[in-house]
Amino acid sequence: MPIVPIESALEAFANGGFLIVIDDPGRENEGDLIISCIHMTPAKMAFMVRYTSGLICVPMRESRLAELGLPDMVERNEESLRTAYTVTCDARTGITTGISAADRSHTCRVLADPASDALQLVRPGHVLPLRAREGGVIVRDGHTEAAVDLCKLSGLPECAAIAEIVRDEDGEMARTEELLELGEKWGIKVITIKDLRQYRIDNKL
């Protein structure tokens with residue numbers, strides 16, 4: 001499947017579909033499966049876990065993370081790309097151990113619900129929120145910011161689930177040509193962060 005225009009991707013995303021989002025070859029050179037948390041289901045979570053690293057991260061805005069009582073994981077971030085991990089969490093109710101597809105799906109939906117507050121979460125847990133930079137992909141060209149931008153541009157709560165796609169045969173990271181083939185196989189639209197950034201600039205968003 002070729003890389004699609006951002007408008008086409010936003011329509012699919014707003015309707016609850018996954019996107020494959022590729023970053024710059026000079027950065028991570030990886031592709032993430034991204035879906036809005038408000039549309040997460042146990043079946044979609046199971047698919048996500050099956051074909052990715054299995055580390056489910058949830059990018060959100062800093063102000064919302066503060067409301068939910070999810071501070072940064074460490075005071076000094078030494079991760080190579082300065083990905084802003086927060087403490088992990090689970091939903092307080094409606095789950096068992098927290099790690100199953102159904103449990104992580106439920107936690108994602110709790111995080112996305114505008115009515116949720118800090119008391120509806122326990123820490124630590126099995127879902128890893130990320131703090132997106134204000135300004136989105138305009139200021140940082142990462143999957144964290146792309147996920148929040150996609151939610152915002154689609155009119156959805158700014159909370160998405162992301163995970164890096166890996167090759168089935170050896171668990172190594174899938175690269176651009178492989179990601180395009182997977183998009184074709186799965187019927188999932190593929191975009192680049194570069195195109196998303198340019199879309200925002202062109203449309204003054």
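Hydrogens, waters and symmetry mates are skipped; everything else that's a heavy atom, side chains included, is used. We're numbering straight along the sequence, starting at 1.
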Side-chain heavy atoms of Leu65 within contact of Met60, under 4.5 Å
yes
Quick one: does any side-chain atom of Ser116 pair with a main-chain N or O of Val110 as donor and acceptor, under 3.5 Å?
yes
Salt bridge check: are Asp168 and Arg50 linked by an N-O gap of less than 4.0 Å?
yes
4.5 Å side-chain heavy-atom contact, Ile99 and Arg104:
yes
Rounded to the nearest 0.5 angstrom, the CZ-CG distance for Arg197 and Asp202 is 11.0 Å
Ring centroid separation Phe18 to Phe13 under 6.0 Å
no
If we ignore hydrogens and angles and just use 3.5 Å, is the side chain of His39 paired with the main-chain N or O of Gly17 as donor and acceptor?
no
Can you tell if the side chain of Asp32 reaches within under 4.5 Å of the side chain of His143, non-hydrogen atoms only?
yes
Taking Gly98's backbone N and O only, do any of them form a donor-acceptor pair with Asp103's side chain (distance below 3.5 Å, no angle check)?
yes
Among Ile3, Ile188, Ile20, Leu33, whose side chain to side chain contact (heavy atoms under 4.5 Å, CB included) with Leu179 holds?
Ile20
In this structure, CD1 of Ile22 is separated from OG1 of Thr176 (nearest 0.5 Å) by 4.5 Å
Nearest 0.5 angstrom please: His126 NE2 to Cys89 SG, how far?
11.0 Å
Treat each ILVMFWY residue as a node, draw an edge where side-chain heavy atoms are under 4.5 Å apart, and state whether Leu182 and Phe47 are in one component.
yes
Taking atom CD of Glu62 and atom OG1 of Thr86, what is their separation to the nearest 0.5 Å?
11.5 Å
Do the side chains of Arg167 and Asp170 get close enough for a salt bridge, i.e. N-O under 4.0 angstrom?
yes
Does the side chain of Pro59 come within less than 4.5 Å of Glu145's, by heavy atoms?
no
Using a 4.5 Å cut-off on heavy atoms from C-beta on, say whether the side chain of Val166 contacts that of Thr52.
no
Check: Ser53/Glu164 side-chain N/O donor and acceptor closer than 3.5 Å:
yes
Quick one: does Val127's side chain get under 4.5 Å of Leu111's, heavy atoms only?
yes
What heavy-atom pair brings Ile34 and Ala147 nearest, and what distance separates the two atoms?
CG2-CB, 4.0 Å
Rounded to the nearest 0.5 Å, the CZ atom of Arg175 sits from the CD atom of Glu178 at a distance of 8.0 Å
side-chain contact (heavy atoms from CB on, under 4.5 Å) assessment of Val21 paired with Ile193
CA-CA 7 Å; Val21 180; Ile193 294 177; 3.6 Å; yes
What is the distance from atom NZ of Lys189 to atom CG of Leu10, rounded to the nearest 0.5 Å?
10.0 Å
What closest approach, in Å, do Ala163 and Ile56 show between heavy atoms, and which atom pair accounts for it?
CB-CD1, 4.0 Å
Side-chain donor/acceptor of Asp149 to backbone N/O of Val137, under 3.5 Å:
yes
Between Ser105 and Lys44, do the side chains contain a donor N or O and an acceptor N or O under 3.5 Å apart?
no
State whether the number of non-hydrogen atoms from other residues, nucleotides or ligands found under 6.0 Å of Glu134 atom CD is greater than 12.
yes
Run the numbers on Ile38 and Cys159 for side-chain contact (heavy atoms from CB on, under 4.5 Å), then give the verdict.
CA-CA 8 Å; Ile38 204 73; Cys159 180; over 6 Å; no
Could you tell me whether Glu158 and Arg61 have a side-chain N and a carboxylate O separated by less than 4.0 Å?
yes
Is a side-chain N or O of Arg109 found less than 3.5 angstrom from the main chain of Met40, in a donor-acceptor match?
yes
Test item: His106 side-chain N/O and Thr41 main-chain N/O as donor-acceptor pair under 3.5 Å:
no
Under a 4.5 Å cut-off applied to non-hydrogen side-chain atoms, are Val87 and Leu128 in contact?
no
Do you know which two heavy atoms are closest between Arg200 and Gly136, and how far apart they sit?
NH1-CA, 3.8 Å
Heavy-atom nearest pair, Pro157 first then Cys151, reads O-CB, 3.4 Å
Any chain of hydrophobic side-chain contacts (each under 4.5 Å) joining Val4 to Leu150?
yes
Please answer whether the main-chain N or O of Asp90 pairs with a side-chain N or O of Thr107 as donor and acceptor at a distance below 3.5 Å.
no
Under 4.5 Å between side-chain heavy atoms, counting indirect links through other Ile/Leu/Val/Met/Phe/Trp/Tyr residues: same cluster for Tyr85 and Val148 or not?
no
Could you tell me whether Glu67 and Arg64 have a side-chain N and a carboxylate O separated by less than 4.0 Å?
yes
Correct closest heavy-atom pair for Gly69 and Pro71 would be O-CD, 3.3 Å
If you apply the rule salt bridge (Lys or Arg N to Asp or Glu O under 4.0 Å), what do you find for Glu78 with Arg76, and how did you get there?
CA-CA 6 Å; Glu78 298 179 328; Arg76 180 180 178 185; 3.3 Å; yes
Apply side-chain contact (heavy atoms from CB on, under 4.5 Å) to the pair Asp113 and Cys37, showing each step before the final yes or no.
CA-CA 9 Å; Asp113 186 349; Cys37 282; over 6 Å; no
Considering only heavy atoms from C-beta outward, does the side chain of Arg140 approach that of Thr83 to under 4.5 Å?
yes
Exam field: side chain Arg92 to backbone Gln120, donor-acceptor pair closer than 3.5 Å:
no
For the student: nearest non-hydrogen atoms of Met173 and Ile165, plus distance
CE-O, 3.6 Å
Donor-acceptor check, side chain of Thr144 to backbone of Ala132, threshold 3.5 angstrom: yes or no?
no
Do Lys194 and Asp141 meet the salt-bridge criterion of a basic N to acidic O distance under 4.0 Å?
no
Donor-acceptor pair, distance only, cut-off 3.5 Å: does the side chain of Ser154 make one with the backbone of Leu156?
no
Mutual orientation of the aromatic rings belonging to Trp186 and Tyr51 [parallel < 30°, tilted 30-60°, perpendicular > 60°]
tilted
When you look at Arg131 and Leu70, which way does the side-chain contact (heavy atoms from CB on, under 4.5 Å) test go after all the steps?
CA-CA 9 Å; Arg131 174 170 47 79; Leu70 295 170; over 6 Å; no
